[in-house]
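Inspection log for the structure reproduced underneath, given as structure tokens.
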Amino acid sequence: MDRHVQALLNKLSCASITIATFTLILLFIQTPETCISNSDPRTLIRFPKSSCDSTHRELVSIQKKNRRLWSTKDWRKKVDSFSDFFHGIRNLGFLTNQTRVLCISAGAGHEVMALSEMGVIDVTGVELIDSPPLVSRADPHNLPFFDGVFDVAFSAHLAEALFPSRFVSEMERTVRPGGVSVIAVDPCSGEELREIKGLFRRSRFVSARNVTLIGLKMTQIIMRNRIPS
Ligand SMILES: *[C@@H]1O[C@H](CO)[C@@H](O)[C@H](O)[C@H]1NC(C)=O
Ligand SMILES: *[C@@H]1O[C@H](CO)[C@@H](O)[C@H](O)[C@H]1NC(C)=O
């Protein structure tokens, strides 16, 4: 009798293991309808709160956020101001559509957009906090680029740098010999200007002039990387 009960129990557990396994396999191969990835954008709209496809959802919301941000008057005004600034740099002969430009501490990316709109093909923007797709995350004191890969480095935020000399040496390192670093700083001349020029240990001074950038009076300083002899 005991043996019969044992045998019956064994059969029962075998059966339930089989059923459980089949159920698992069925669940595994049957993707719920709401998770079906579909290139049709209407599908995404129909299931906006689906928890299955978080990456897609994030992309959509970044695009939406950017569209909203980029259509504001303030954004346009700042981009136009950077455009004027870079037209000045172009008129000096330091910028063409083929120039590889690095914008350091680029914030939300106004300068990156200005350069791209001018037709500059290869523009890289970096900031401690990224703002895709215009600005990637990187520490200006430790740039993730090889030596000499840019023709021009630009920053309007040297003054806020924790270690200005390190900030400048990274600018000089990533710019090729003969390329230029362009900075915009609070209006300066004389001793102050000399101090800033002194941070650039591998460059020679090209020019300094007062400009207006995003409504502020600033001094634009251009330094050219020395070509090793
Ligand atoms: C640079 O690019 C802009 C925008 O694509 C274009 O209008 C302009 O003609 C280009 N300039 C040169 C010199 O190729
Ligand atoms: C820029 O303007 C300031 C006054 O705001 C002046 O002291 C300085 O000499 C000017 N710098 C240059 C390079 O013209």
Side-chain angles (χ1 to χ4, degrees), residues 63 66-67 69-73 75-126 131-136 145 148-161 164-165 167-169 171-172 174-176 178-226:
Q63 279 168 1
N66 281 341
R67 222 177 301 137
L69 174 66
W70 296 344
S71 62
T72 60
K73 247 189 214 155
W75 178 273
R76 188 31 48 196
K77 229 170 66 185
K78 284 182 177 161
V79 170
D80 288 346
S81 174
F82 275 108
S83 289
D84 291 344
F85 179 86
F86 288 123
H87 276 112
I89 303 294
R90 190 164 73 180
N91 292 341
L92 291 172
F94 294 114
L95 193 62
T96 70
N97 285 358
Q98 276 70 43
T99 305
R100 296 160 301 173
V101 185
L102 172 65
C103 300
I104 305 168
S105 298
H110 300 94
E111 53 263 67
V112 176
M113 185 175 275
L115 286 161
S116 299
E117 285 181 357
M118 281 168 69
V120 180
I121 296 156
D122 192 343
V123 187
T124 305
V126 295
S131 298
L134 297 176
V135 179
S136 326
F145 305 110
V149 290
F150 297 101
D151 302 303
V152 171
F154 165 75
S155 187
H157 295 281
L158 171 60
E160 288 104 275
S165 62
F167 188 104
V168 164
S169 76
M171 278 185 115
E172 290 182 305
T174 49
V175 167
R176 67 171 167 82
V180 296
S181 298
V182 179
I183 54 169
V185 294
D186 285 340
C188 65
S189 59
E191 187 51 39
E192 244 184 318
L193 179 59
R194 244 191 314 279
E195 262 177 44
I196 294 171
K197 290 193 301 199
L199 293 171
F200 289 81
R201 296 173 171 278
R202 294 202 277 163
S203 314
R204 64 177 179 76
F205 173 70
V206 176
S207 68
R209 66 181 185 127
N210 281 340
V211 295
T212 304
L213 184 58
I214 51 174
L216 301 168
K217 223 182 132 188
M218 298 189 99
T219 300
Q220 163 202 297
I221 303 170
I222 301 180
M223 307 291 298
R224 188 195 282 275
N225 261 21
R226 280 202 202 94

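Note that the structure is predicted; figures quoted are calculated from it, not measured. In each ligand, atom 1 is the first atom listed, and ligand 1 is the first ligand listed. Worth knowing before you read on, the calculation uses all heavy atoms, side chains too, and leaves out hydrogens, waters and symmetry mates.
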*Is there a donor-acceptor contact under 3.5 Å from the side chain of R226 to the main chain of R201?*
yes
*Mind checking whether G190 has a heavy atom under 4.0 Å from ligand 2?*
no
_Under 4.0 Å, counting heavy atoms only: does E117 come that close to any atom of ligand 1?_
no
_Please compare V120, N97, T96, I121 and report which has the shortest non-hydrogen distance to atom 1 (C) of ligand 1._
N97
*asked:* Please state which option from L193, D186, N210, V211 has its nearest heavy atom closest to atom 12 (C) of ligand 2.
replied: N210
*asked:* Quick check against the 3.5 Å criterion: does S83 have a side-chain atom that pairs as donor or acceptor with the backbone of V79?
replied: yes
*Of the protein's non-hydrogen atoms, which lies at the shortest distance from atom 7 (O) of ligand 2, and what is that distance?*
S189 OG, 3.8 Å
*Report yes if C188 has an N/O atom closer than 3.5 Å to an N/O atom of ligand 2; otherwise report no.*
yes
_For V175 versus V152, what's the shortest heavy-atom pair and its separation?_
CG2-C, 4.2 Å
*Can you find a protein heavy atom under 4.0 Å from atom 9 (O) of ligand 1?*
no
_Closer than 3.5 angstrom, by distance alone: can the side chain of T99 be matched with the main-chain N or O of V101 as a donor-acceptor pair?_
no
*Hey, is atom 3 (C) of ligand 1 touched by any protein heavy atom at less than 4.0 Å?*
yes
*To the nearest 0.1 Å, how far is atom 5 (O) of ligand 2 from its closest protein heavy atom, and which atom is that?*
K217 NZ, 3.1 Å
*Are the side chain of R224 and the backbone N or O of G178 linked by a donor-acceptor pair below 3.5 Å?*
yes
*What's the shortest heavy-atom distance between E172 and S203, and which atoms?*
OE2-OG, 2.5 Å
*Relative to the ring of F154, is the ring of F85 parallel (under 30°), tilted (30 to 60°) or perpendicular (over 60°)?*
tilted
